[in-house]
Amino acid sequence: MSDTDQVHEAVELLEHLDRRQADRPGFNRRAFLRRTALTGVGAGSVGGLLSACGSSASSGGTSNEVFGSHPSYKFVFVNHVTTNPFFTPTQYGIADACKLLGCTYQWTGSETSDVSQMVNAFNTAVTAKADGIAISLIDLHAFNKPVEEALAKGIPVVAYNADAPTNKRLSYTGQDLKLAGEKMGARIVAVVPEGEVGLFIATPGSANLQPRIEGVEKSVKASSKPITTHSVATGTDIPGEISAIEAYYKSHKSAKGLYSVDGGSTEGLAKVVQKLGLRGKVHAGGFDLTEQTIKLLGEGFIDFTIDQQPYLQGFVPALQLFMYKVSNSQTGPFEANTGLKFVTKETVKPYVSKSRYEGTTTTAAVVK
């Protein structure tokens, strides 16, 4: 086959591959490669062009093919409630990013928001010379020195799920917690004209939850409505949270609203509303989308829950750490707000589907 014939074959293949994408905006690959082919590439180059065209229609290669040869980086994620179902999709996000990028990871920390255990886990990761560390900064000061020491040793550190304003971490991936609380408070004010409102929080003072409570209280106070809020500590396990919420309501039966600021307490709240027959008698809402919260929201036992995309709170930090390493610190860290979305009975249907993105299945598949 002559060079000219090969050129025309390449162009025809390009037109076939890109026909369905002709209306897509951005870089026109077909026009670029057509110009390259028609301005005199040799037979060897055309063969490479045809090969590239074929690979573009198939699945991607390994991360070494995309980013160049690199080690199998090991990243450590330090968490405050390692067995909490909220972080199941977060772990899927980490696993998926690492599989995509040819990395490995360790999930460690504390099961009960014990800051000293988290600091020990962080320091162990530094001693083991982890290639990068992601940490949930639930304490405003305890992690400052360990993070600075890790950075001084060339270990990148990013925060996820919870942040501390004075910490030197390279970036934060997660929700704007104070704003989320303010938006919840606005919802409360809109439906509760007056009276008592219970606010349930797993661990008061924790940097991943306390800003939400403060945001709620700020909005309620700004409304000037005669609403009295009570903050109630519920603990970190759902059976205990159910007991704490039930006890509060039984001693405050005139309460007009019951709201939680963490995933476990929200599931517990929905179960209490179901158990005590409170649907329609009190307004209720919370955060996050455990499987039981999704089910009970769909059945109308709470008015709403707030999604903060926990899957991305694992996937994005892993991606940032990888890019920081593979680019030798030239790129990677960036502030990533994973959002604030109210999910109601009317909009919960997509979440009912089994999905890794909400942690309800181990199977990787397109959600339908």
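In what follows, every heavy atom counts, from backbone to side chain, and hydrogens, waters and symmetry copies are set aside. Note that the structure is a prediction, hence the values are computed from the model and not measured.
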Gly195 to Lys256 - nearest heavy-atom pair and separation: CA-CG, 4.4 Å
Are any non-hydrogen side-chain atoms of Thr234 and Ile201 less than 4.5 angstrom apart? no
When the aromatic ring centroids of Tyr92 and Phe315 are compared, is their separation below 6.0 Å? no
Looking at Phe200 versus Tyr248, is the centre-to-centre ring distance below 6.0 Å? yes
Give a yes or no on whether Phe342 and Val191 share a hydrophobic cluster (residues Ile, Leu, Val, Met, Phe, Trp, Tyr; joining criterion: side-chain heavy atoms under 4.5 Å apart). yes
Cut-off 3.5 Å, side chains only: do Asn208 and Ser206 have a donor facing an acceptor? yes
Quick check for you: to the nearest 0.5 Å, what is the distance between Glu111 atom CD and Asn84 atom CG? 10.5 Å
Indicate yes or no: at least one non-hydrogen side-chain atom of Tyr351 is less than 4.5 angstrom from one of Asp307. yes
When you measure from the side chain of Thr90 to the backbone of Pro310, do you find a donor-acceptor pair of N or O atoms at a distance under 3.5 Å? yes
Between Ser171 and Pro333 (side chain of the first, backbone of the second, donor and acceptor by atom type, cut-off under 3.5 Å), is there such a pair? no
Nearest-0.5 Å distance, OG1 of residue Thr293 to CD1 of residue Ile302: 5.5 Å
Do Gln308 and Asp288 have side-chain atoms, one donor and one acceptor, less than 3.5 Å apart? yes
With a cutoff of under 4.5 Å between side-chain heavy atoms, which Ile, Leu, Val, Met, Phe, Trp and Tyr residues group with Tyr172? Leu177
Lys275 and Glu246, any side-chain heavy atoms less than 4.5 Å apart: yes
Working to the nearest 0.5 angstrom, can you tell me the gap between Ile94 CD1 and Phe87 CZ? 9.5 Å
Do Tyr160 and Phe143 share a hydrophobic cluster (ILVMFWY, side-chain heavy atoms under 4.5 Å, transitive)? yes
Tell me whether Lys183 at atom NZ has more than 12 heavy atoms from other residues, nucleotides or ligands lying less than 6.0 Å away. no
Closest approach of Pro146 to Val119 (non-hydrogen atoms, all atoms of both residues): CG-CG1, 4.3 Å
Kindly say whether Pro85 contributes a backbone atom to a donor-acceptor pair with the side chain of Thr88 at under 3.5 angstrom? yes
I need the minimum non-hydrogen distance between Gly332 and Gln320, along with the two atoms involved. O-CG, 3.5 Å
Leu312 vs Thr173, test: side chain to side chain contact (heavy atoms under 4.5 Å, CB included). Steps then yes/no. CA-CA 8 Å; Leu312 290 184; Thr173 298; 5.6 Å; no
Within the side chain of Trp107, is there an N or O that forms a donor-acceptor pair under 3.5 Å with the backbone of Thr82? yes
If I take atom OH from residue Tyr311 and atom OG from residue Ser355, how far apart are they, to the nearest 0.5 angstrom? 9.0 Å
Between Ile138 and Val115, does the side chain to side chain contact (heavy atoms under 4.5 Å, CB included) criterion hold? Intermediate values first, please. CA-CA 8 Å; Ile138 64 168; Val115 172; 4.1 Å; yes
Rounded to the nearest 0.5 Å, what separates atom CG in Asp262 from atom CG in Leu209? 5.0 Å
Spatial distance of atom CG (Leu140) from atom CD (Gln210) [nearest 0.5 Å]: 9.5 Å
Sole residue of Gln309, Gln175, Glu182, Met184 in side chain to side chain contact (heavy atoms under 4.5 Å, CB included) with Leu340: Gln175
Salt bridge (charged side-chain N to carboxylate O under 4.0 Å, His left out) for Lys295 and Glu291? Distances and angles first, verdict last. CA-CA 6 Å; Lys295 176 181 180 294; Glu291 190 168 5; over 6 Å; no
Of the non-hydrogen atoms in Ile242 and Gly268, which two are nearest, and what is the gap between them? CG1-CA, 3.6 Å
Side chains of Ser110 and His80: do they bring a donor and an acceptor to under 3.5 Å? no
Step by step, work out the side chain to side chain contact (heavy atoms under 4.5 Å, CB included) result for Tyr73 and Leu101. CA-CA 9 Å; Tyr73 300 121; Leu101 300 169; over 6 Å; no
Candidate pair Asp114 and Ser116, rule side chain to side chain donor-acceptor pair (under 3.5 Å), full reasoning: CA-CA 6 Å; Asp114 187 313; Ser116 63; 2.5 Å; yes
Cationic N near anionic O, under 4.0 Å, Glu267 to Lys271: yes
Taking the six-membered ring for Trp, are the ring centroids of His283 and Phe304 within less than 6.0 Å of each other? no
Identify the heavy atoms of Val76 and Thr108 that sit nearest to each other, and give their distance. CG1-CG2, 3.7 Å
Centroid-to-centroid, Phe75 to Tyr105, below 6.0 Å? no
Give a yes or no answer on whether the side chain of Asp303 reaches the backbone of Ala284 with a donor-acceptor pair at less than 3.5 Å. yes
Does either side chain, that of Thr338 or that of Gln313, offer a donor lying less than 3.5 Å from an acceptor on the other one? yes
Kindly say whether Thr62 contributes a backbone atom to a donor-acceptor pair with the side chain of Glu65 at under 3.5 angstrom? yes
Side-chain contact test, heavy atoms from C-beta onward, threshold under 4.5 Å: evaluate it for Glu299 versus Leu296 and give yes or no. yes
Can you list the steps and then say if His70 with Phe322 is a ring pair (Phe, Tyr, Trp, His ring centres under 6.0 Å)? CA-CA 10 Å; His70 63 79; Phe322 174 83; 5.1 Å; yes
When you measure from the side chain of Thr266 to the backbone of Phe287, do you find a donor-acceptor pair of N or O atoms at a distance under 3.5 Å? yes
Non-hydrogen side-chain atoms of Leu151 and Arg169 separated by less than 4.5 Å: no
Sorted by chain and residue number, the side chain to side chain donor-acceptor pair (under 3.5 Å) partners of Thr347 (sequence neighbours excluded) come out as Thr344
Given the rule that I, L, V, M, F, W and Y join up when any side-chain heavy atoms are under 4.5 Å apart, are Val232 and Leu199 in one cluster? no
Would you indicate whether the side-chain heavy atoms of Ile155 and Val126 approach each other to under 4.5 Å? yes
Single-linkage hydrophobic cluster, 4.5 Å side-chain cutoff, Val197 and Val282 together: no
Take atom NZ in Lys225; do more than 12 heavy atoms of anything else shown fall under 6.0 Å from it? yes
Consider only side-chain N and O atoms of Asn144 and Asn167, and report whether a donor and an acceptor are under 3.5 Å apart. yes
If you count every heavy atom of other residues, nucleotides or ligands that lies below 6.0 Å from His230 atom NE2, does the total exceed 12? yes
Check whether any side-chain heavy atom of Val261 sits under 4.5 Å from a side-chain heavy atom of Ser265, and report yes or no. no
Glu358 vs Thr290, test: side chain to side chain contact (heavy atoms under 4.5 Å, CB included). Steps then yes/no. CA-CA 7 Å; Glu358 290 301 335; Thr290 67; over 6 Å; no
For Leu269 and Leu258, the nearest pair of non-hydrogen atoms, with its separation, is CD2-O, 3.2 Å
Sorted by chain and number, sequence neighbours left out, salt bridge (Lys or Arg N to Asp or Glu O under 4.0 Å) with Arg356 holds for Asp96
Side-chain heavy atoms of Lys74 within contact of Cys103, under 4.5 Å: no
